[in-house]
Engineer: 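Got a structure for you, questions after.
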Number of protein chains: 2
Amino acid sequence: MAQQERAVRTRRAVLEAAAAVFAEHGYSAATVSDILQAAGVTKGALYFHFDSKEALARGVLQAQVAYAGPPQELKVQEWVDAGLLLAHRLPRDPVVRAGAVLSSDPQGREHYGSAWPAWIELSAQTLAEAKERGEILSHVVPRQTAELIVSSFHGVQLFSQLECGLADVERRISVLYDHVIPAITVPAVLARLDLAPDRGARLYAQAVSVPPPALVPTTG
Amino acid sequence: MAQQERAVRTRRAVLEAAAAVFAEHGYSAATVSDILQAAGVTKGALYFHFDSKEALARGVLQAQVAYAGPPQELKVQEWVDAGLLLAHRLPRDPVVRAGAVLSSDPQGREHYGSAWPAWIELSAQTLAEAKERGEILSHVVPRQTAELIVSSFHGVQLFSQLECGLADVERRISVLYDHVIPAITVPAVLARLDLAPDRGARLYAQAVSVPPPALVPTTG
């Protein structure tokens with residue numbers, strides 16, 4: 001049990017170090033030696049969890065997608081919550097920040113993929129359920145809207161990153177939903193949604209008593 | 001006169017070569033020698049128009065912003081047209097494509113700036129005029145919506161670039177406006193707007209008889 005807990009901590013330390021190195025230098029320029037040094041673990045410990053730089057990048061991307069938010073009465077609210085929570089975590093969690101950098105790296109993503117397909121899948125599924133429940137308008141195509149929100153989200157967070165180091169990313173993502181929600185939801189649902197910039201922070205505070213799945217390794 | 005025409009052509013050839021090199025290698029890795037070779041002009045001719053790599057990057061960014069579309073009855077339509085035209089030009093014009101790459105380069109933009117402020121300014125001005133005419137809803141803040149559309153546009157075009165080399169960028173940008181327009185325009189205007197994916201191509205075809213200002217140098 002103590003051994004398993006140590007393994008979880010080591011894996012997380014390695015992932016956070018990898019994330020910090022990837023976010024600062026980009027995938028191509030990052031080296032496993034840099035990551036080893038930042039993590040402060042032995043080479044054996046690192047390779048026990050991740051056998052290559054590619055595996056480290058994949059680990060960072062998987063950890064980013066793992067936590068989307070608690071169930072809500074409205075499926076559209078869950079859809080918005082996934083984005084507002086991600087916006088809250090971006091400036092605070094190096095793993096989430098590195099996920100955004102890695103996903104948009106044209107050279108790197110040929111090797112390790114991107115977090116976007118998983119986000120699009122999650123987003124499209126939630127919208128499809130919202131549509132079945134009559135929360136969104138009949139002309140909405142869940143996958144189309146999901147691809148739009150994931151790509152727009154990326155542009156908005158990049159803008160915030162370049163302008164002010166993500167200091168206003170929660171406000172900007174809230175503005176994104178303010179602009180998109182009226183085009184997709186039925187009026188009765190529209191009035192009941194919480195799109196406030198601080199919603200991500202509130203959801204996160206609720207979640208900290210139970211560690212989100214992102215902190216728990218799925219293997220080894 | 002003939003000399004001036006030659007200068008215009010040389011300047012454009014240099015800008016297009018610079019754009020191609022920046023788009024392929026990024027700003028940091030690009031060299032003036034690469035650009036000289038791609039342009040097929042003399043060193044003297046290049047330095048007559050642009051005295052450094054930074055000046056070349058600024059030239060590319062300025063040329064991208066210069067052409068926004070012809071006047072329309074509705075200001076909101078002009079606002080949409082700027083984006084649909086840009087989407088049409090992205091896969092076809094290396095200068096426009098390089099503008100997107102340069103604007104989002106975290107290291108490079110410290111040296112030469114970004115096209116985003118000029119696009120945001122143009123977008124906010126057009127929205128402010130649309131608001132004065134009663135075309136958009138009273139709660140809309142032009143600058144906020146302008147920053148949202150420019151940053152979302154960037155994310156959508158990057159997604160299209162990475163997924164399929166910009167083959168579907170016009171459709172995706174049309175989808176972006178489909179999702180944003182209902183949140184900002186009054187219902188009577190909404191029904192009269194053309195947000196179709198091929199609108200950019202139609203506007204561009206109308207414009208080719210008169211060369212857009214982007215093809216004319218503003219200095220020397």
Engineer: Find the distance between OG (B:Ser152) and CZ (A:Phe153) and round it off to the nearest 0.5 Å.
Structural biologist: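 The distance works out to 11.0 Å.
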
Engineer: Which bit of B:Ser103 comes within less than 4.5 Å of chain A, counting heavy atoms only: side chain, backbone, both or neither?
Structural biologist: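 Contact with chain A: backbone only.
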
Engineer: Heavy atoms only: give me the nearest A:Leu176-B:Leu148 pair and the separation to one decimal.
Structural biologist: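 Result for this residue pair: CA-CD1, 3.6 Å.
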
Engineer: Below 4.5 Å from any heavy atom of chain A, which atoms of B:Ile184 appear? Answer side chain, backbone, both or neither.
Structural biologist: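 Only the side chain of B:Ile184 comes within 4.5 Å of chain A.
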
Engineer: Are A:Ser151 and B:Leu158 packed together at the side-chain level, in the sense that at least one heavy-atom pair is separated by less than 4.5 angstrom?
Structural biologist: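 A side-chain contact is absent here, since even the closest heavy-atom pair is not under 4.5 Å.
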
Engineer: Does CD belonging to B:Gln37 count more than 12 external heavy atoms closer than 6.0 Å?
Structural biologist: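 Open: at most 12 neighbouring heavy atoms sit under 6.0 Å from CD of B:Gln37.
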
Engineer: What distance separates B:His139 NE2 from A:Asp178 CG, expressed to the nearest 0.5 Å?
Structural biologist: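 These two atoms lie 7.5 Å from each other.
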
Engineer: If you tally heavy-atom pairs under 4.5 Å against chain B, which of A:Glu147, A:Arg109, A:Glu163, A:Arg172 wins?
Structural biologist: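 Among the listed options, the one with the most contacts to chain B is A:Arg109.
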
Engineer: At a 4.5 Å cut-off on heavy atoms, which part of B:Ile120 comes close to chain A: side chain, backbone, both, or neither?
Structural biologist: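 For B:Ile120, the contact with chain A is made by the side chain alone.
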
Engineer: Using a cut-off of 6.0 Å, state whether more than 12 heavy atoms not belonging to A:Glu121 lie near its atom CD.
Structural biologist: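 Yes.
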
